[in-house]
Student: 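Pasting in a structure now, in structure tokens, and then I'll have a few things to ask.
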Amino acid sequence: MSAEQRVKDLALDLPPPPQAVGNYVPGVRVGNLLFLSGCGPLRADGSIVVGKAGADLSVEQAYAAARLAGLAMLARIRLVAGSLDRVARVVKVLGMVNAAPDFREQPKVINGFSDLMVEVFGDAGRGARAAVGMAALTGQMAVEIEMVIELKEEPMMTENTDAQIRHVYEQWHETIKVRDIDGLMALYAEDAVFETPFILAVLKDKTEGILKGRGAIRAFFEAGFRNPESGLGRWYRTGTFFANGRQLVWEYPRETPQGDQVDLVEVMDMANGLIAHHRVYWGWVGFKALAGALSKSVP
């Protein structure tokens, strides 16, 4: 299960990513390592848990504060990396506890952060760690935690030939038109990603408009092919497309010689002659049609 799905399944409410309050950035990437600036215990309403462990806060209260810092860190990772699914593993955690002079339970406090990382990332969330006591932290926040994570390798987008690009451009539309599901799936990579909000209208069990893997994409198109009202394939294309060897883009324009139609832009990242990542962008007319399919009102 992906980290993003775990966040949903655990019903974790991530706060807005913490804003920088000094002359620094949220994170710096060096190779595949991402060094993340410190996060404090940020509540959903923007307030911060303050106080000293062992004086103002019990171990349990400080543990809860460290967990809040973990939620803020997840929001920061998503901001900097784009998705929690980009995380390969937690490498190093530095947990700082605003502690009374005689407080000795810093590791138990920082477990609030570490336990959350394991919940979200599994064994990959368990990294090297230090838990230290501090005389004071900014604004007297209860904890502050910084970390280093390893990012997964990004798939290399190989250069595709003009013939490969044109083949996908021509065959994608043709296979849709004749409802050739096998021919259509032959254009997608095994681990392709497909993104369109229309997924929510076609596959009622889905909660997001993203499908991963050829099998999931096939299920979407099979369901769409069974819909006799689907106009895809009958829609008009100008015959013009953009390609740079790595990406293919074309439009189903709103205004056509036959009249208006749903306006869409198809964007396909290509790898080795196959579609690796397919995104559909909707214009205003398309949005109204989509909203109708999802039974939502449009002003």
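Fair warning: this is a prediction, and the values are worked out from it, not measured in the lab.
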Student: Any Lys/Arg nitrogen of E190 or R214 sitting under 4.0 Å from an Asp/Glu carboxylate oxygen of the other?
Tutor: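 A salt bridge links E190 with R214.
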
Student: Looking at K108, I'd like to know if its NZ atom is crowded, meaning that more than 12 non-hydrogen atoms belonging to other residues, nucleotides or ligands lie closer than 6.0 Å.
Tutor: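 It does not: K108 NZ has 12 such atoms or fewer within range.
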
Student: Between E170 and R166, does at least one N-O distance fall below 4.0 Å, as a salt bridge requires?
Tutor: yes

Student: I'd like to know if K8 and E208 make a salt bridge, using a cut-off of under 4.0 Å between side-chain N and carboxylate O.
Tutor: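 A salt bridge links K8 with E208.
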
Student: First locate atom CD of Q5, then atom CG of L10, and finally report the distance between them rounded to the nearest 0.5 Å.
Tutor: 10.0 Å

Student: Before you tell me yes or no, could you show the steps for F241 and V249 under side-chain contact (heavy atoms from CB on, under 4.5 Å), namely the whole-Å CA-CA distance, both residues' side-chain angles and the distance that decides it to 0.1 Å?
Tutor: CA-CA 6 Å; F241 64 88; V249 181; over 6 Å; no

Student: Are any non-hydrogen side-chain atoms of N32 and E153 less than 4.5 angstrom apart?
Tutor: yes

Student: How long is the span from the CD atom in Q247 to the CE atom in M268, to the nearest 0.5 Å?
Tutor: 11.0 Å

Student: I need the minimum non-hydrogen distance between A192 and I217, along with the two atoms involved.
Tutor: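 Nearest heavy atoms, A192 then I217: O-CD1, 3.8 Å.
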
Student: Determine, using the 4.5 Å side-chain heavy-atom cutoff (strictly less than), whether I77 and L151 are members of one ILVMFWY cluster.
Tutor: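 Result: yes, single cluster for both.
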
Student: Hey, are the side chains of L74 and F121 touching, using non-hydrogen atoms and a 4.5 Å cut-off?
Tutor: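 Yes. Closest side-chain heavy atoms under 4.5 Å.
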
Student: Could you check if a side-chain atom of V148 sits within less than 4.5 angstrom of a side-chain atom of L34, using non-hydrogen atoms only?
Tutor: no

Student: Closest heavy-atom contact between Y188 and H278?
Tutor: OH-ND1, 2.8 Å

Student: Kindly work out whether a path of hydrophobic side-chain contacts (I/L/V/M/F/W/Y, heavy atoms less than 4.5 Å apart) joins I210 to M185.
Tutor: no

Student: Could you tell me the separation between the CZ atom of R29 and the CZ atom of F35, rounded to the nearest 0.5 Å?
Tutor: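 Atom-to-atom, R29:CZ and F35:CZ are 12.0 Å apart.
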
Student: Return the minimal non-hydrogen interatomic distance between L116 and L12, and the atom names on each side.
Tutor: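 Looks like CD1-CD1, 3.9 Å.
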
Student: Please report the shortest heavy-atom distance between M141 and G40, naming the atom on each side.
Tutor: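 Heavy-atom minimum between the residues: SD-CA, 3.7 Å.
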
Student: With a 6.0 Å cut-off (strictly less than), is the heavy-atom count around CZ of R237, excluding the residue itself, greater than 12?
Tutor: yes

Student: Could you walk me through whether L137 and M96 pass the side-chain contact (heavy atoms from CB on, under 4.5 Å) check?
Tutor: CA-CA 8 Å; L137 291 171; M96 296 165 279; 4.2 Å; yes

Student: For the CG atom of L264 and the OH atom of Y281, what is their distance to the nearest 0.5 Å?
Tutor: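 Separation between the atoms: 12.5 Å.
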
Student: Judged by atom type as modelled, is there a donor-acceptor pair below 3.5 Å linking the side chain of T196 to the main-chain atoms of I199?
Tutor: no

Student: For the residue pair L187 and H167, establish whether any side-chain heavy-atom pair is separated by less than 4.5 Å.
Tutor: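 Yes. Closest side-chain heavy atoms under 4.5 Å.
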
Student: Check C39 against R76 and note the closest heavy-atom contact, atom names and distance.
Tutor: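 Closest approach of C39 to R76: SG-NH1, 3.6 Å.
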
Student: Do L36 and P26 come close enough that some side-chain heavy atom pair is under 4.5 Å?
Tutor: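 No, every pair of side-chain atoms sits at 4.5 Å or beyond.
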
Student: For a quick test of your reading: what N or O donor-acceptor pairs under 3.5 Å do the side chains of residues 41-57 make, sequence neighbours left out?
Tutor:
residue : atom : partner : partner atom : Å
R43     : NH1  : S47     : OG           : 3.1
R43     : NH1  : I48     : O            : 3.4
D45     : OD1  : S47     : N            : 2.9
D45     : OD1  : S47     : OG           : 2.6
K52     : NZ   : N98     : OD1          : 2.8
K52     : NZ   : A135    : O            : 2.3
D56     : OD2  : K52     : N            : 2.8

Student: Check whether the ring centres of Y252 and Y236 lie less than 6.0 Å apart, and answer yes or no.
Tutor: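 Distance test on ring centres: not under 6.0 Å, no.
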
Student: Verify salt bridge (charged side-chain N to carboxylate O under 4.0 Å, His left out) between R279 and D269, making sure each step is shown before the conclusion.
Tutor: CA-CA 9 Å; R279 298 175 296 282; D269 295 341; 3.1 Å; yes

Student: To the nearest 0.5 Å, what is the distance between CD on E105 and CD on E60?
Tutor: 9.5 Å

Student: Flag the pair F225 / F220 as yes when their ring centroid distance falls below 6.0 Å, and as no otherwise.
Tutor: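 Judged by ring-centre distance (under 6.0 Å), F225 and F220 do not meet the cut-off.
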
Student: Is it true that D85 and K212 have a side-chain N and a carboxylate O under 4.0 angstrom from each other?
Tutor: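 Yes.
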
Student: Holding to ring-ring contact (aromatic ring centres under 6.0 Å, His included), I want the full list of residues that pass it with Y63, two or more places apart in sequence or in another chain.
Tutor: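 Per chain and number, Y63 pairs via ring-ring contact (aromatic ring centres under 6.0 Å, His included) with no residue.
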
Student: Transitively linked via ILVMFWY side-chain contacts under 4.5 Å: M73 with L94?
Tutor: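 No: no chain of side-chain contacts under 4.5 Å links M73 to L94.
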
Student: To check you understand the geometry: which heavy-atom pair defines the closest contact between G209 and L200, and what is its length?
Tutor: N-CD2, 4.1 Å

Student: Do N160 side-chain atoms and N272 backbone N/O form a donor-acceptor pair below 3.5 Å?
Tutor: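 Indeed, once roles are kept as given, a pair shorter than 3.5 Å links the two residues.
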
Student: Do R129 and N111 touch side chain to side chain, with heavy atoms closer than 4.5 Å?
Tutor: yes

Student: Using the rule that two of Ile, Leu, Val, Met, Phe, Trp, Tyr join whenever any of their side-chain heavy atoms come within less than 4.5 Å, decide whether L84 and V193 are in one cluster.
Tutor: no

Student: So how far is it from T175 OG1 to L184 CG, rounded to the nearest 0.5 Å?
Tutor: 4.0 Å

Student: Decide yes or no on side-chain contact (heavy atoms from CB on, under 4.5 Å) for F221 and I181, but give the supporting numbers first.
Tutor: CA-CA 7 Å; F221 281 107; I181 189 65; 3.7 Å; yes

Student: Under 6.0 Å from the CG atom of D9, do we count more than 12 heavy atoms belonging to anything else shown?
Tutor: yes

Student: Are M270 and V168 packed together at the side-chain level, in the sense that at least one heavy-atom pair is separated by less than 4.5 angstrom?
Tutor: yes

Student: What residues, two or more places apart in sequence or in another chain, satisfy salt bridge (charged side-chain N to carboxylate O under 4.0 Å, His left out) together with R78?
Tutor: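 For R78 the salt bridge (charged side-chain N to carboxylate O under 4.0 Å, His left out) partners, ignoring immediate neighbours, are E4.
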
Student: Does the side chain of W172 reach to within under 4.5 Å of the side chain of W250, using non-hydrogen atoms?
Tutor: yes

Student: Is W235 reachable from V280 through a run of hydrophobic residues whose side-chain heavy atoms are each under 4.5 Å from the next?
Tutor: yes

Student: Near N23 CG, under 6.0 Å, is it more than 12 heavy atoms from other residues, nucleotides or ligands?
Tutor: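 For N23, atom CG is not crowded (no more than 12 foreign heavy atoms under 6.0 Å).
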
